[in-house]
Amino acid sequence: MKKSNRTPRSNKKSPRKSSNSGRRPWFWRFFFRASAIGLVLLAGWMIYLDAVVTSRFEGRRFEVPSRVYARPLELYDGAGISSGALERELQLSGFRKGDGDKAGSYRRNGGHFVISTRGFRFPDGEESRRKLALNIYGDRIRDFSVRSGDASPIVRLEPAQIGGIYPSHKEDRILVQLEEIPALLPTALMAVEDRNFYDHFGIAPLSIARAMLANIRAGQIVQGGSTLTQQLVKNFFLTRDQTLLRKGNEALMSILLELHYEKGDILETYLNEVYLGQAGTRSINGFGLASQFYFGESLKDLDVHQIALLIGMVKGPSYYNPRRHPERAMKRRNLVISEMEEAGLIESARAAQARGLPLGVSERPSYSENRYPAYIDLVRRHLARDYREADLQSEGLRIFTTLNPAIQYAAEFAVTDVLPRLSRGETRKALEAALVVTSKDSGEVLALVGGRDPNFAGFNRALDANRPIGSLIKPFIYLSALAQPERYTLITPVLDKAFTLEFDDGQRWQPKNYDEKERGEVQLHKALSHSYNLPAVRVGLDIGVNVVKETLQAFGVTSDISEYPSMLLGAVAMNPVTVAQMYQGLATSGFNTPLRTIREVTDANGEALTRYSLEVDQVADPVAVHLVQYAMQETMQEGTGKSAYYTVPDELALAGKTGTTDDGRDSWFAGFSGDLLAVAWVGRDDNGPTSLTGASGALPVWSRFMAQVPQHSLSPVVPDGVNYYWVNGERQALTREHCDNARLVPFISGSEPTQEVSCSGNLQRRIKGWFEGLFQ
C-alpha cells in the first residue's frame with residue numbers, strides 16, 4: 001500500500017516541474033536579451049551625450065557680446081565741462097552718489113567733486129584706481145588733484161558702456177575667472193546650493209532623497225536636490241521641462257561632465273552661466289554682469305550682503321528681483337547670510353551687520369541696452385567694413401567709440417526742446433529732425449540724433465533720410481569759382497536777375513530767388529551770405545556743372561549726382577551724415593577727414609585688433625577754402641544765419657550755411673565753430689510741405705545745440721597766398737579803412753584789385769584809423 005501511494009504523488013509533481021523549467025529559460029532569455037539591448041541603447045545614448053558634453057565644453061563655451069564704449073572723459077585743470085555734465089557722465093558710467101571714498105562712488109557739493117575711480121584697462125594701458133578732487137567754476141575744471149593713487153595731471157574715467165552687440169539669443173555676460181572672484185562667493189554658493197559639491201560625482205542621491213522627503217512632508221516643492229553640476233547641465237544643454245527623460249539626461253550628463261572635467265572648471269562655468277535677471281530682451285547671465293547690473297560695481301568689490309543677495313537670487317531671479325520686490329529680496333538675502341554664518345563662513349557679528357544693511361542696489365542698471373540707438377547704428381555700419389556680424393555677437397570684442405556723452409546730451413536736448421515749437425497743428429506733430437555733430441579737426445562723430453525721439457531705435461534719419469540739400473550746395477559752387485582767381489574773387493559782381501534755360505527737348509527751366517526778388521549786380525560774397533539763387537546758378541553754369549560735381553565728389557560725396565542745372569540749387573539728395581562729411585573739408589580748410597565713430601577695437605583680453613587713426617586728404621586749395629569760410633562767417637554776422645545770435649553768445653565766432661527746398665520740405669543748417677561741426681535737418685518723413693526755411697527750422701535746433709556746449713570761436717589761420725585788403729566792392733577797387741563802403745576782404749595773391757580809390761571818409765573812422773595806426 002505504501003508503494004502504491006508513493007507512485008501517484010510522484011506522478012503529480014512531475015508535470016509541474018516540467019512546466020516551470022519550460023517557462024524560466026524563455027523568461028531569462030527575454031530578460032537577458034532585453035537587458036543587452038537596453039545596455040547597447042544606453043551605451044549608444046551615453047556616447048551621444050558624451051559627445052554633446054565634450055563638444056560644448058571643449059569648444060567656445062559662451063557667446064559673449066561685444067561692448068561699445070563712449071570716449072573716456074579726461075579730467076585735468078582747465079578741462080571744459082559743467083558740473084551738471086560731469087555728474088551725468090559719472091552716472092552714465094555707473095558711478096554712485098555716496099561718500100566718494102569707495103571705488104565707483106562720488107561726492108558732490110555744488111561745484112566741488114570727490115571721485116573714487118575704479119580703474120580701467122584701456123587699449124593703451126591700465127588706468128589705475130585713484131581718488132580725485134576738483135572744483136568746477138563756470139564750465140572749467142579748477143584745483144584738480146589726486147588725493148590717493150598714482151599722481152597724474154590727467155586722469156581718464158572709466159568710459160561709459162553705451163551699448164552692446166548681442167547674440168541672437170540675447171544672453172549678456174561678463175566672463176570672470178575663478179581667481180578673480182571673491183573667495184566668499186563660491187563657498188557661500190556651495191553652502192546654500194550644494195554643500196557636497198567637491199565630494200559627489202555630479203549627482204547626490206542622498207540630497208535628492210532628502211529633498212523628496214521634505215517636499216512630501218510640505219506638500220509642495222520646498223527643497224531641491226540638484227547639485228551645481230546638474231543645474232549647470234540643465235541650463236547649458238537641456239530645457240526646463242519637468243519630465244523623467246529630461247531628469248534622466250540631466251543625471252547622465254552630470255556624471256559625464258564630472259568624469260571629464262575638474263571641479264574648478266565646472267564651478268567657473270557655472271558662475272558665468274547662471275541666469276540672474278532680465279533687462280528688456282537681454283538676459284543677465286553670470287555673477288560678473290549681475291554685479292554690474294544690480295550694484296554698478298565690479299564683482300571683486302562686493303561686500304558680504306551684496307554677495308548674499310546675488311546667491312539668493314539664484315533660486316528665482318524674477319521672484320527675488322530686488323528692484324521690483326525689495327522686501328522679498330531682503331528676506332531671501334538675510335536667509336542666505338544666516339546660512340553663511342551657520343556654515344562658519346562669516347562671524348556672527350559680521351553676519352548681524354550685513355543683515356542690518358540695505359540692499360544697496362543702484363536705482364538704474366549701469367549697463368543699458370543701446371542707450372544711443374542712432375549712434376550705435378552708425379557704429380555698426382562702420383564695423384561692418386572690417387568685422388563679421390557673427391564675430392561681433394560672440395567674441396566679446398571691446399569697441400571704443402568717439403561718442404561724447406555731454407555733447408550727445410546737448411544734441412538730444414536741442415532736438416527735443418526746439419522741435420515742438422517750430423510749427424503748428426498737424427505739421428508740428430509730423431515734424432522730424434536729425435542732428436550730427438563732429439569734431440571739426442579730427443572728423444570724430446561726437447553725437448548723432450536720428451529723430452525727434454532720440455531713444456527710438458527705428459528709422460535713422462541721420463543715415464537714411466536722403467533729402468535734397470537746397471542751398472547747402474552753394475559754398476561748393478563758389479569754391480569751384482574762387483579756385484579760379486583770375487575769374488572770380490569775393491567782390492566779383494554777379495548778376496541777380498532772372499533768366500530761362502531751354503533744353504533740347506523743348507523744356508524750359510526758370511530759377512528764382514526764394515523771395516522772388518531781383519537785385520541786379522551783387523558781389524559774390526553777399527550772394528553767398530544771403531543765399532541768392534540766381535547768382536549761384538549763373539556762376540555754376542559759367543564754371544560748369546561738371547566742375548561743381550567734381551568738387552562735391554572730392555569732398556566725399558559718393559552718391560549719384562546729376563549734371564542737370566537744377567543740381568546747382570541743391571537738387572541732390574544726401575543724408576545728414578554725408579552733408580557733415582562734405583562740410584568737414586570746408587571746416588578744415590580743404591583737408592578732408594573721413595568721419596569715424598571708432599577709435600579702437602580690442603579682443604576680450606584687451607589686445608588691440610584694429611586702430612582707426614586720423615586720416616587726412618587734401619581735396620581743395622586752402623586759399624580758396626579760406627575765402628569761402630570768410631563768406632560763411634559773413635552769413636552768420638549779416639546773412640541768413642544771423643538769427644543764431646539770438647541764442648548763441650555774441651562773442652562766439654561761427655561759420656555756416658542755410659538750406660531750404662521747395663515748400664519748406666527740407667530745412668537744413670550746416671556750420672562750425674573752432675571746435676565743432678554740426679549739421680541739422682528738419683522736415684517730414686512723408687516729404688510734405690512745412691512753413692519752415694533753413695533759418696526758421698534747422699537753424700534754431702543748431703543754435704540751441706551750439707549755445708549749450710563750451711567751445712572756442714572759429715579763427716581760421718590765413719594761409720600763405722592769401723592777403724587781406726580794404727576794398728570798395730562796389731567800385732572794384734582798393735580803398736582806405738576809414739572810407740565809407742570800406743570792407744576788409746581776403747584775396748588770393750594777385751587777384752586783388754589794382755585800382756585804388758580815395759575818399760574824404762567818415763571823420764570818426766579816420767580818427768580811429770589814425771590812432772590804430774599809431775599803435776601798430
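The first residue of the sequence shown is numbered 1, and numbering continues consecutively from there. Atoms considered below: every heavy atom in the structure, side chains included; atoms not considered: hydrogens, waters and symmetry mates.
Applying the 6.0 Å contact sphere to CD of E126 captures more than 12 heavy atoms from other residues, nucleotides or ligands. Shown here is R156, whose CZ atom has more than 12 heavy atoms of other residues, nucleotides or ligands within 6.0 Å. Within a 6.0 Å sphere centred on CG of D124, other residues, nucleotides and ligands contribute more than 12 heavy atoms.
Checked for salt-bridge contact, R96 and E297 meet the test: a charged N lies under 4.0 Å from a carboxylate O. Under the 4.0 Å criterion applied to side-chain N and carboxylate O atoms, E89 and R71 are assigned as salt-bridge partners. At a threshold of 4.0 Å, the pair R130-E127 counts as salt-bridged, since one of the basic side-chain nitrogens sits closer than that to a carboxylate oxygen. Taking 4.0 Å as the cut-off between side-chain N and carboxylate O, D172 and R282 count as a salt-bridged pair. Classification of E444 and R599 as a salt-bridged pair holds, one side-chain N sitting under 4.0 Å from a carboxylate O. Using a cutoff of 4.0 Å between basic side-chain nitrogens and carboxylate oxygens, R173 and E273 are scored as salt-bridged.
In this structure the side chain of L446 never reaches within 4.5 angstrom of the side chain of Y375, judged on heavy atoms. Taking the side chain as every heavy atom from C-beta outward, T117 and E158 never approach each other to under 4.5 Å. Annotation: side chain of D303 is in contact with side chain of K102 (closest heavy-atom distance under 4.5 Å). Between L310 and L302 the shortest side-chain heavy-atom distance falls below 4.5 Å. Here the side chains of S283 and Y275 are in contact, with some heavy-atom distance below 4.5 Å. The side-chain heavy atoms of V437 and N404, taken from C-beta on, include no pair separated by under 4.5 Å. Residues R323 and F293 are in side-chain contact: their nearest non-hydrogen atoms beyond the backbone lie under 4.5 Å apart. Contact of the P322 side chain with the M313 side chain is registered, since non-hydrogen atoms from C-beta on lie closer than 4.5 Å.
Taking F113 as the reference, nothing meets the ring-ring contact (aromatic ring centres under 6.0 Å, His included) condition, with sequence neighbours excluded. Under the side-chain hydrogen bond (donor to acceptor under 3.5 Å, both in side chains) criterion, H382 pairs with R385, T597, not counting sequence neighbours.
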Audit row: T229, E258, side-chain hydrogen bond (donor to acceptor under 3.5 Å, both in side chains) steps and yes/no: CA-CA 8 Å; T229 311; E258 296 269 352; 2.6 Å; yes
Hey, mind stepping through E87 and K97 against salt bridge (charged side-chain N to carboxylate O under 4.0 Å, His left out) and telling me if it holds? CA-CA 9 Å; E87 185 159 28; K97 199 167 187 177; 3.7 Å; yes
When you look at Y106 and Q91, which way does the side-chain hydrogen bond (donor to acceptor under 3.5 Å, both in side chains) test go after all the steps? CA-CA 9 Å; Y106 71 96; Q91 292 174 351; 3.1 Å; yes
Quick one: do V155 and Y76 satisfy side chain to side chain contact (heavy atoms under 4.5 Å, CB included)? Show the steps, please. CA-CA 7 Å; V155 172; Y76 55 91; over 6 Å; no
Side chain to side chain contact (heavy atoms under 4.5 Å, CB included) between V379 and I162: does it pass, once the steps are laid out? CA-CA 11 Å; V379 170; I162 58 173; over 6 Å; no
Is there a side chain to side chain contact (heavy atoms under 4.5 Å, CB included) between L178 and L271? Walk through the geometry before answering. CA-CA 9 Å; L178 207 52; L271 293 169; 3.7 Å; yes
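Screening V68, I376, T602 for a side chain to side chain contact (heavy atoms under 4.5 Å, CB included) involving I399 leaves a single residue, V68.
Sorted by first and then second residue, the side chain to side chain donor-acceptor pair (under 3.5 Å) pairs with a member in residues 328-346 read S338-R355, E341-S348, E341-R355; sequence neighbours excluded. Screening residues 178-190 for side chain to side chain donor-acceptor pair (under 3.5 Å), with sequence neighbours left out, gives no hits. Evaluation of the ring pair (Phe, Tyr, Trp, His ring centres under 6.0 Å) test over residues 309-342, restricted to residues two or more places apart or in two chains, returns none. Each salt bridge (charged side-chain N to carboxylate O under 4.0 Å, His left out) pair with one or both residues in residues 136-149, not counting sequence neighbours, would appear here, but there are none.
Below 30°, between 30° and 60°, or above 60°: for F400 and F120 the angle between ring planes is above 60°, a perpendicular geometry.
Atom CD1 of I203 sits about 14.0 Å away from atom CE of M253, to the nearest 0.5 Å. Note that CG of L276 and OG of S291 are 10.5 Å apart. Values are rounded to the nearest 0.5 Å. From Y294, atom OH reaches atom CG of L289 across 9.0 Å, with rounding to the nearest 0.5 Å. Between N285 atom CG and E171 atom CD the span is 4.5 Å, to the nearest 0.5 Å. The CG atom of L73 sits 5.0 Å away from the CG atom of L157 when rounded to the nearest 0.5 Å. Here L206 contributes atom CG and H200 contributes atom NE2; the two are 12.0 Å apart, rounded to the nearest 0.5 Å.
Between A462 and L448 the shortest heavy-atom distance is CB-CD2, 3.7 Å. Summarising the geometry of T416 relative to R452, their closest heavy-atom pair is CG2-O, 3.5 Å, with the distance given to 0.1 Å. Contact detail for H305 and L359: the closest heavy-atom pair is CD2-O, 4.0 Å. Taking all atoms of both residues into account, the shortest heavy-atom contact from I165 to R380 is CG2-NH2, 3.7 Å. Heavy atoms only, all atoms of each residue included: S152 and V146 are closest at O-CG2, 3.6 Å. Of all heavy-atom pairs spanning L299 and F287, the tightest one is CD1-O, 3.6 Å.
Distance alone, capped at 3.5 Å, is enough to place a donor-acceptor pair between the S82 side chain and the A85 backbone. No donor-acceptor pair under 3.5 Å is formed between the side chain of S116 and the backbone N or O of S105. A donor-acceptor pair is defined here as one N or O able to donate and one able to accept, closer than 3.5 Å; no such pair exists between the side chain of E262 and the backbone of G264. Checking side-chain atoms of D194 against main-chain N and O of L228 turns up a donor-acceptor pair under 3.5 Å. At distances below 3.5 Å, at least one donor-acceptor pair connects side-chain atoms of R121 with backbone N or O atoms of N605. At distances below 3.5 Å, at least one donor-acceptor pair connects side-chain atoms of D603 with backbone N or O atoms of E607. Judged purely by atom type and a 3.5 angstrom limit, Q230 uses its side chain to pair as donor or acceptor with the backbone of T227.
There is no side-chain donor-acceptor pair under 3.5 Å between E268 and Q177. Q393 and Y166 share no side-chain donor-acceptor pair at under 3.5 Å.
Aromatic pair F236/F62: ring centres closer than 6.0 Å.
Judged by a 6.0 Å distance limit and a 45° cone about the ring axis, R88 is positioned over the six-membered ring of Y409.
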